[in-house]
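Chain naming here is simple, since letters A, B, ... match the order of the sequence lines and numbering starts at 1 in each.
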Amino acid sequence: MDVRQHLRSALETALVDTALEVCPETISVERPANPEHGDWSTNIALATAKRAGRKPRELAEALAARLNAVLPTHVESVEVAGAGFINFCLSPSWLHETLRFVVAAGTQGFARSRIGAGRSVNIEYVSANPTGPLHAGHGRWAAYGDSLARLFEHCGYAVTREFYVNDRGKQTQLFGESLAARKAGEDPPEGGYLGEYISEWAEDMPADADPVEWGLQRAHQDQLEVLASMNARFDYWASEKGLVDSGAVEEILNTLDELGYVYILEGATWLRTTQFGDSQDRVLIKSDGQPTYFLPDIAYHHQKYSRGELLIDILGADHHGYVSRMSAALQMLGHPAGHYEALIGQHVTVLQDGRKARLAKRAGKMVQARELVELAGADVARLTFLLQSIDTTQTIDVDLVVAESNENPVYYVQYANARVHSLARRARQRQVALRPLQKVDLSLLTHQRELALLRVLSELPNTVERAMRARAPHQVTTWSRECAAALHGFWHDCPILRDDVDEQLCQARLWLSEATRIGLSVGLGLLGVSAPESM
RNA sequence: GCCCCCGUAGCUCAGUGGAUAGAGCGUCGGUUUCCUAAACCGUGCGUCGCAGGUUCGAUUCCUGCCGGGGGCGCCA
């Protein structure tokens with residue numbers, strides 16, 4: 001049940017009945033911050049008064065009178081307040097109905113949306129160079145990208161998760177040469193990789209191995225392990241080398257040339273990206289005959305459309321300038337502008353020993369994602385990355401995260417989940433059988449804590465859809481924390497299995513706990529964080 | 001110089017154009033004969049960076065400025 005929709009249609013009817021000709025496309029119904037303003041509120045009178053040529057307050061009064069004449073289900077009263085707000089006061093029965101709705105949907109169905117049905121999206125994330133381990137910053141994209149994918153899936157989209165492996169080119173060569181040099185007991189070449197891991201890996205490398213081939217495999221394996229430990233999945237690993245070898249890159253160059261977007265200047269081959277809003281044209285093939293990173297990347301993105309109608313790239317802030325040229329190239333190839341979306345995440349600053357740690361692979365020491373996961377745990381690492389918006393730079397003090405991992409919000413949420421499971425176990429131990437929900441009197445749930453918890457649960461479907469639209473998984477984190485807080489409050493103030501609790505009330509509360517289990521399970525699942533049954 | 005992100009409580013951060021802007025941490029104090037105290041409750045004098053604008057209404061949208069971060073390569 002969607003109470004918003006319920007109130008919206010009631011308002012629509014009232015608008016028609018008051019013969020108001022101006023009907024807005026969207027009627028905003030929201031939860032007021034102040035409980036004195038009722039359970040739900042709408043600004044419709046304020047929003048449409050001018051166009052309707054009436055005073056807001058007067059219009060609100062007219063609508064309220066209509067609604068009060070025949071009260072919609074669950075609505076106890078409709079009042080006008082302030083400049084022209086219409087406030088709805090609802091009977092707790094709407095929350096009791098929410099509980100039945102949550103239980104009926106279960107962990108598989110609750111808070112799912114159909115808005116993505118029949119649509120597909122391709123999400124490329126992390127895509128770190130296969131020349132070393134993932135650093136802590138990559139962890140942010142792993143957590144974010146995977147959770148975003150889960151959100152899309154929950155909203156009905158067919159999702160493909162991709163990782164683009166840049167397994168050819170100059171960096172790959174330098175990487176191989178650095179490994180070979182360390183193997184021979186020498187220093188890496190000019191511009192090579194200086195990280196400690198190069199020496200460690202070189203030791204493991206067989207003498208007869210091809211340093212590039214072996215190194216790429218080693219790095220890929222290392223990255224795959226860490227990503228798996230963080231619960232970040234991938235459906236498709238795209239190889240740049242494979243793409244080049246297949247001739248797809250040459251083909252795309254010919255296509256762009258035939259379309260008239262390619263020209264040669266000073267020995268280099270250029271693409272007229274300025275025709276599609278880029279600030280300058282870009283080089284496809286350097287004057288030394290080597291393609292830039294850009295050219296195979298165009299071919300790659302073009303191909304990706306066979307694996308999703310909407311392409312989403314998750315990129316770090318340092319790649320911001322890259323977006324307009326890719327967008328331009330894809331439009332040249334006939335892909336509508338809205339079918340390519342680059343989500344730019346701000347950087348992660350890692351503090352270790354109170355100092356900023358280097359994140360560059362080529363420079364010496366760096367904080368690896370692996371370290372973070374091993375020190376803090378996968379759940380802590382993952383939720384830490386999903387605490388805040390990717391529009392903000394995130395500072396992770398490794399020592400603090402590890403030292404205070406017990407105070408990490410993830411435990412607050414997981415503990416709520418553990419309590420719910422603990423309750424079910426105790427109920428079984430005490431031979432308290434859970435009766436079918438149809439036979440339980442939910443109207444006994446009247447305590448403020450019970451109603452608050454139900455209100456939070458009722459918000460999850462809306463939160464999921466909003467978070468998907470905003471590409472903001474952290475909104476699910478915020479919801480999960482609120483849900484846990486509501487559960488802890490309920491737990492503290494509302495005894496369930498105690499001897500002095502009425503048997504009917506006990507049943508109702510057990511079902512509320514069960515609904516909470518479902519909500520937390522969905523929330524944590526979207527975040528890729530485990531939901532332990534005991535702690 | 002141009003482009004992107006940020007600026008909200010001591011700190012870290014939420015915040016869908018709405019009414020009295022919220023959490024966590026930290027501070028100080030309280031709660032357990034009872035289902036897990038990894039919990040709960042109380043305790044906050046905030047120029048929502050500054051100045052304009054749009055609006056019935058702006059922390060939210062627009063413009064300019066200030067401050068912090070990132071980008072402006074025939075690197076990836």
- Item | Short side-chain donor-acceptor distance under 3.5 Å, Thr384(A) and Asn408(A) |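 Present: a donor and an acceptor within the cut-off.
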- Query: Does one side chain, of Gln280(A) or Thr274(A), offer a donor that lies under 3.5 Å from an acceptor on the other?
  - Reply: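 The criterion, which ignores hydrogens and geometry beyond distance, is not satisfied for Thr274(A) and Gln280(A).
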- To the nearest Å, how far apart are Gln388(A) CD and G22(B) P?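 Answer to the nearest Å: 22 Å.
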- In whole angstroms, how far is the P atom of G70(B) from the NE2 atom of His347(A)?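 Rounded to the whole Å, the gap is 9 Å.
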Is any side-chain N or O of [X] under 3.5 Å from a base N or O of [N], one able to act as donor and the other as acceptor?
X	N	value
Ser279(A)	C3(B)	no
Ser41(A)	A19(B)	yes
Asn43(A)	A19(B)	no
Arg426(A)	C35(B)	no
Arg419(A)	U36(B)	no

- Using the criterion of both pairing distances under 3.5 Å for Watson-Crick and G-U wobble pairs, give all stems of 3 or more consecutive pairs involving RNA chain B.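 Stems for RNA chain B, defined as runs of 3 or more consecutive pairs: B:1-7 with B:66-72, B:10-13 with B:22-25, B:28-31 with B:39-42, B:49-53 with B:61-65.
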- Looking at Trp40(A), is Arg31(A) sitting on its ring face, NZ or CZ under 6.0 Å from the six-membered ring centre and within 45 degrees of the normal?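 The answer is yes; both the distance and angle limits are met.
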- Item | Which residues share a side-chain contact (heavy atoms from CB on, under 4.5 Å) with Tyr340(A), sequence neighbours left out |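 With sequence neighbours excluded, Tyr340(A) shows a side-chain contact (heavy atoms from CB on, under 4.5 Å) to His301(A), Tyr305(A), Leu311(A), Asp313(A), Val323(A), Met326(A), Ser327(A), Leu330(A), Ala342(A), given in chain and number order.
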